[in-house]
Undergrad: 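Mind looking over this structure? Questions follow.
Count residues from 1 along the sequence. Computed from a prediction, not measured in an experiment: that's the story for all the values here.
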Amino acid sequence: MTIRLNRRTALGLGTVATAGTVLAAATPASAAEATPTTPAQAARRVATVFGRHRAEAGGNWQGYVSVAGPAGTPVVAVAADADRTIEAYSVNKIAVATAVLDKVDRGLLTLDQRVEVTEAIVVPGGDGIFSLDGAYPSSVTLGHVLANLLTVSDDTAVRLCGLVAPAAEINSILIAKGFPNTQVEPVANPNRFFLGTSTPRQTHDLLRALVGGTLLSPASTTHLLGLLRSPVAFTDGIRRTMSSDDRARIATKAGWFADARHEAGVIFDRSGAAVLTYALFADGQADPDNFGATHPAVRARAAMGPKFLAAVDRLGGAGTAYRTTVQRPSNGG
C-alpha cells in the first residue's frame, strides 16, 4: 500500500466568510463567551476551537466541518485543505459498510446471513475482537461483522466484508453514489483491499448524505448510525470527556495508522436531528507510535469535542430525527 503522509506546516481555515481566516479570533472576549444562537455564530465558534487546538497539536491538519443552517443548508465552519485526497484509513470503514448495506437494501445480502471466520482470514495482531478469539473456524452473521467493523474498528471485519463485497464492487457502488475519491485500494486478491482514500469534503458529504436519507434505506441508515452512536464506539477523541447522554448524540468513526490520526462524524441535537458534521484528518504530529488517548492529535480532538457540542447546543438540527435506543450496563443474570 502506498502511504500518503503529508508534511505540510501551513494550511488554510475555511469559515463562513473566507478561507484562511479564523473569524472568531478577533471577537471580543465577552461575545466569544456567549452561547451561539445562530448557525453563523456556531460556525465561527467551531472555527476558533479548531484553529486553537490544531495549532497546539502541531503537524498537518485537513478538515471540513459544517453546521446545519436554515432549510438544511450547511454553514461551513472549517475548510482546511478539504479537497486533498489522502489515506483515510479506518474512517473509510464507513464507506465499506455503506457498500455492504447498499447490497442489503437491494436484496443481495442479509444481515443474518453467515460468514466463516477462518484462521487464514484473521489479521494477526490487528485491532478488534476476531484476532483475540484464538479458536477458528467460527461462523458469525454479517450483522456481527458490521458491528465489529464500526465500533471497535476490527481489522479482520474488513476482510470479512470483502467476502461479500469485493473491492471493485465497493468502489463502483461509491462512485455511483457520487463519491469517486472515496475508494478502497484493491490488491491481487479481489476479495481483499486496503482501506484507501477520501477527501475531508467527500467524507463530510457522505455523512451528510447518510443522515439526509439519500445514501441508504431508512432501515440501513438507522442501523449504521446506531452502531456509530453506540457506547462501545470510539471514545478516545471527540467523545472522550462527555457524559454517556452526550456521547449518544454523536456518531463517530476514527482511523489510525502510521502517524495519521483521523476522525469523522455527526453531532445531533437533542431531538436527534443532525446539527454538525465533521471530517478531521491529521498526520505528522509527535509520538507516532502512540495509538492511545495521549497522542497530540487525539488529545486535540478530545478538547474540540465538548466545545463543538456546546457551540451547537442551542441550535436545532435539520432533517430526520434519529433517536437513540438507551443502552445501560448490565450486571449479567
Side-chain angles (χ1 to χ4, degrees), residues 3 5-13 22 24-25 32 42 45-65 77-82 84 86-94 127-128 150-153 200 203-204 207 228-267 276-313:
I3 301 175
L5 298 178
N6 303 313
R7 302 290 182 182
R8 297 169 303 283
T9 57
L11 51 81
L13 290 177
V22 182
R45 177 70 59 82
V46 168
T48 299
V49 169
F50 173 79
R52 177 184 303 128
H53 292 297
R54 64 98 178 173
E56 291 172 352
N60 312 307
W61 289 78
Q62 303 86 39
Y64 200 80
V65 184
V78 173
D81 217 0
R84 180 178 292 274
I86 53 180
E87 297 284 352
Y89 300 121
S90 287
V91 168
N92 260 8
K93 288 175 181 174
I94 301 174
D127 287 323
L150 295 177
T151 59
V152 296
S153 199
T203 295
H204 165 278
L207 288 166
L228 295 175
R229 293 173 76 175
S230 66
V232 73
F234 188 70
T235 55
D236 271 352
I238 291 291
R239 305 201 305 174
R240 188 195 306 171
T241 53
M242 293 184 182
S243 69
S244 55
D245 287 343
D246 285 344
R247 284 179 174 179
R249 292 176 57 187
I250 300 173
T252 200
K253 182 73 192 74
W256 52 91
F257 191 75
D259 69 345
R261 303 292 186 275
H262 307 329
E263 188 170 0
V266 179
I267 296 177
L276 184 148
T277 306
Y278 59 91
L280 303 173
F281 295 80
D283 63 65
Q285 289 76 29
D287 207 7
D289 294 326
N290 175 10
F291 292 96
T294 58
H295 182 277
V298 180
R299 190 162 48 200
R301 296 200 315 271
M304 293 177 195
K307 296 173 185 178
F308 284 3
L309 184 64
V312 298
D313 202 40

Undergrad: For A254 and S90, which heavy atoms make the closest approach, and how far apart are they?
TA: O-CB, 3.4 Å
Undergrad: So, do T294 and R299 sit near enough that their side-chain heavy atoms are less than 4.5 Å apart?
TA: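 Yes; the side chains approach each other to less than 4.5 Å.
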Undergrad: Under the side-chain contact (heavy atoms from CB on, under 4.5 Å) test, which residues partner T235, sequence neighbours left out?
TA: R239, R247
Undergrad: A side-chain contact here means heavy atoms from C-beta on lying under 4.5 Å apart; do F308 and I267 qualify?
TA: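 Yes - at least one pair of side-chain heavy atoms lies under 4.5 Å apart.
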Undergrad: Minimum heavy-atom separation for A297 to W61, with atom names?
TA: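 So the minimum-distance heavy-atom pair works out to O-CH2, 3.8 Å.
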Undergrad: Check for a donor-acceptor pair, side chain of Q62 on one end and backbone N or O of R84 on the other, with a separation under 3.5 Å.
TA: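 No, the answer is negative, given that no donor and acceptor are paired below the 3.5 Å cut-off.
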Undergrad: Which heavy atom of A57 sits nearest a heavy atom of P296, and at what distance?
TA: CB-O, 3.6 Å
Undergrad: Compare every heavy atom of M304 with every heavy atom of V49, then report the nearest pair and how far apart it is.
TA: CG1-CA, 3.8 Å
Undergrad: Over all heavy atoms of both residues, which pair between H53 and A300 is shortest? Give the atoms and the distance, please.
TA: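 That closest heavy-atom pairing would be O-CB, 3.6 Å.
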Undergrad: Below 4.5 Å, heavy atoms only, C-beta onward: do F50 and K307 meet side chain to side chain?
TA: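 Result no, sub-4.5 Å side-chain heavy-atom pair not found.
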Undergrad: How many angstroms lie between atom CZ of R261 and atom CG of D287, to the nearest 0.5 angstrom?
TA: 8.0 Å
Undergrad: Going from OH on Y64 to OG1 on T203, what distance comes out if it is rounded to the nearest 0.5 angstrom?
TA: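 Atom-to-atom, Y64:OH and T203:OG1 are 12.5 Å apart.
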Undergrad: What pairs with S244 under side-chain contact (heavy atoms from CB on, under 4.5 Å), at least two apart in sequence or on another chain?
TA: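 Partners of S244 by the side-chain contact (heavy atoms from CB on, under 4.5 Å) criterion, ordered by chain and then number, come out as R328.
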Undergrad: State the NE2-CG distance between H295 and D289, to the nearest 0.5 angstrom.
TA: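 Result: 9.0 Å between the selected atoms.
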Undergrad: Quick one: do D313 and R249 make a salt bridge, cutoff under 4.0 Å?
TA: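 Salt bridge present between D313 and R249.
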Undergrad: Can you say whether the rings of Y89 and H262 are parallel (under 30°), tilted (30 to 60°) or perpendicular (over 60°)?
TA: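 Parallel.
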Undergrad: Between S243 and D246 (side chain of the first, backbone of the second, donor and acceptor by atom type, cut-off under 3.5 Å), is there such a pair?
TA: yes
Undergrad: Answer yes or no: is there a side-chain heavy-atom contact under 4.5 Å between D127 and F291?
TA: no
Undergrad: Test your reading of the model: is there a side-chain donor-acceptor pair from R240 to the backbone of A293, 3.5 Å cut-off?
TA: yes
Undergrad: Write down the atom of D236, the atom of G292, and the distance for their closest heavy-atom approach.
TA: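 Where D236 meets G292 most closely, the heavy atoms are OD2-C, 4.3 Å.
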Undergrad: Using atom types as modelled and distance alone, determine if a side-chain donor or acceptor of D259 lies under 3.5 Å from a backbone N or O of D283.
TA: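 Side chain of D259 to backbone of D283, a donor-acceptor pair under 3.5 Å: no, none is there.
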Undergrad: Assess whether side chain to side chain contact (heavy atoms under 4.5 Å, CB included) is satisfied between E87 and F257, documenting all intermediate values.
TA: CA-CA 9 Å; E87 297 284 352; F257 191 75; over 6 Å; no
Undergrad: For the CD atom of E263 and the CD1 atom of I238, what is their distance to the nearest 0.5 Å?
TA: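 With rounding to 0.5 Å, CD (E263) is 5.0 Å from CD1 (I238).
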Undergrad: Look at the side chain of R229 and the backbone N and O of A248, then say whether any donor-acceptor pair between them is shorter than 3.5 Å.
TA: yes
Undergrad: Using the test ring pair (Phe, Tyr, Trp, His ring centres under 6.0 Å), find all partners of Y278 that sit at least two apart in sequence or belong to another chain.
TA: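 Residues passing ring pair (Phe, Tyr, Trp, His ring centres under 6.0 Å) with Y278: none at all.
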